[in-house]
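Just so we're clear, the structure is a prediction, and the values are computed from it rather than from any experiment.
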Amino acid sequence: MLSENIKIFRKQKGYSQETLAQQLNVVRQTVSKWEKGISVPDAEMLNSISELFEVPVSELLGSTIEETGEKELRDEKIDEIAKQLAILNEQLARENLRKRKAIKKVFIGIGASIAGLILLIFLYLTALVLFRTHVANNTNYYETEIECELNGNTYGYSLVFDDNFRVHELGGDAYIADHIDIDQYDDANVIIAHIEDYFEDKGGSCTITKDREQIDKNQ
């Protein structure tokens, strides 16, 4: 084939792709494409290559040539050369079209996979939001209030929590928030226990004034 013959004759001449490209006033990538069968030289360029390699054009276009072998040289007319080049170009065009179609199918497949993945993620997030909304709408909320006395002063604090005692709201006298690190806890029972322990350690006392009274947070 032409691509293989160009490579063989180039090596026989001791040329690198870069050297051959310089001799023909083309870039090295052009020579590489010829030798890979990606493209073919036109009739004029083929004549230049033939003269440089000192072989007939017919031999360049012939079947693969053994590097150490010799074949009878034959001359052909320019129009015949053009016909053979046209055939080669048509073959290359069909091959490139086939490759482009294959690549297009791959990209379509990847695009479909990505679209499917995005749809799955969207459906998952939608289901998650609906689930959380459902859980939130079916969660019971309770309020507990505690009142503590210390050195003649009274301090109140309240907590709103759910069925799992997870705190959703809390607030009260700043004294309690300033002296007890409440924010690091999210369990209502733990917070109440820390408040009671603090005041009892200081000689005070605490009383639960509202114990786990169910409330409606939507009101």
Side-chain angles (χ1 to χ4, degrees), residues 1-139 166:
M1 293 179 61
L2 176 61
S3 58
E4 297 175 3
N5 292 341
I6 291 176
K7 183 176 182 180
I8 291 172
F9 284 123
R10 173 178 64 77
K11 289 184 176 181
Q12 287 179 350
K13 281 290 185 180
Y15 292 159
S16 65
Q17 288 186 346
E18 185 68 34
T19 302
L20 179 58
Q22 291 174 356
Q23 292 287 336
L24 298 172
N25 294 319
V26 297
V27 297
R28 186 196 62 79
Q29 290 80 359
T30 300
V31 175
S32 177
K33 289 181 179 180
W34 292 341
E35 294 186 356
K36 290 179 180 178
I38 297 175
S39 65
V40 295
D42 58 24
E44 184 178 350
M45 181 59 70
L46 198 60
N47 277 326
S48 298
I49 296 172
S50 172
E51 292 174 0
L52 183 63
F53 288 161
E54 299 179 321
V55 296
V57 171
S58 59
E59 194 160 342
L60 282 175
L61 294 172
S63 58
T64 302
I65 302 167
E66 299 296 334
E67 292 193 42
T68 58
E70 292 184 359
K71 300 181 68 176
E72 182 180 356
L73 305 181
R74 296 177 294 111
D75 293 326
E76 292 187 22
K77 297 179 180 180
I78 293 298
D79 58 344
E80 184 62 25
I81 294 173
K83 289 179 182 178
Q84 293 194 40
L85 288 175
I87 293 172
L88 287 173
N89 276 316
E90 185 179 353
Q91 291 173 345
L92 288 174
R94 286 199 298 266
E95 181 64 18
N96 289 334
L97 179 61
R98 184 189 64 79
K99 290 180 180 179
R100 286 197 297 270
K101 287 182 178 179
I103 293 173
K104 183 178 180 181
K105 288 181 180 179
V106 170
F107 278 107
I108 290 175
I110 293 174
S113 298
I114 293 174
L117 181 60
I118 292 173
L119 178 60
L120 286 176
I121 293 173
F122 173 77
L123 292 175
Y124 170 77
L125 293 176
T126 301
L128 186 62
V129 170
L130 292 175
F131 173 76
R132 288 182 175 178
T133 301
H134 174 75
V135 171
N137 290 337
N138 289 276
T139 298
R166 186 166 63 92

J.: To the nearest 0.5 angstrom, please state how far the CD1 atom of I8 sits from the CZ atom of F53.
T.: 10.5 Å
J.: For S50, give me all partners under side-chain contact (heavy atoms from CB on, under 4.5 Å), at least two apart in sequence or on another chain.
T.: V57, L60
J.: Assess the residue pair L46 and V40 against the criterion (side-chain contact (heavy atoms from CB on, under 4.5 Å)); give the C-alpha distance rounded to whole Å, side-chain angles, the decisive distance to 0.1 Å, and a yes or no.
T.: CA-CA 9 Å; L46 198 60; V40 295; over 6 Å; no
J.: Show the numbers, then the answer: is there a side-chain contact (heavy atoms from CB on, under 4.5 Å) between E59 and F9?
T.: CA-CA 10 Å; E59 194 160 342; F9 284 123; 3.7 Å; yes
J.: Excluding sequence neighbours, so at least two apart, what forms side-chain hydrogen bond (donor to acceptor under 3.5 Å, both in side chains) with S48?
T.: none
J.: To the closest 0.5 Å, what do you measure between OG1 (T19) and NZ (K13)?
T.: 13.0 Å
J.: Just verifying a value: how many Å separate L61 CG and N5 CG, rounded to the nearest 0.5 Å?
T.: 8.5 Å
J.: Can you list every pair that meets side-chain hydrogen bond (donor to acceptor under 3.5 Å, both in side chains) and has a residue in residues 21-32, with sequence neighbours left out?
T.: Q17-R28
J.: Which heavy atom of P41 sits nearest a heavy atom of W34, and at what distance?
T.: N-NE1, 3.5 Å
J.: Output a table of donor-acceptor pairs, distance under 3.5 Å, between side-chain atoms of residues 101-126 and any protein atom two or more places apart or on a different chain; print 'none' if there are none.
T.:
residue : atom : partner : partner atom : Å
S113    : OG   : G109    : O            : 2.9
T126    : OG1  : F122    : O            : 2.8

J.: Which heavy atom of S3 sits nearest a heavy atom of G37, and at what distance?
T.: CB-N, 3.8 Å
J.: Which residue, K11, K7, R10, forms the salt bridge (Lys or Arg N to Asp or Glu O under 4.0 Å) with E35?
T.: R10
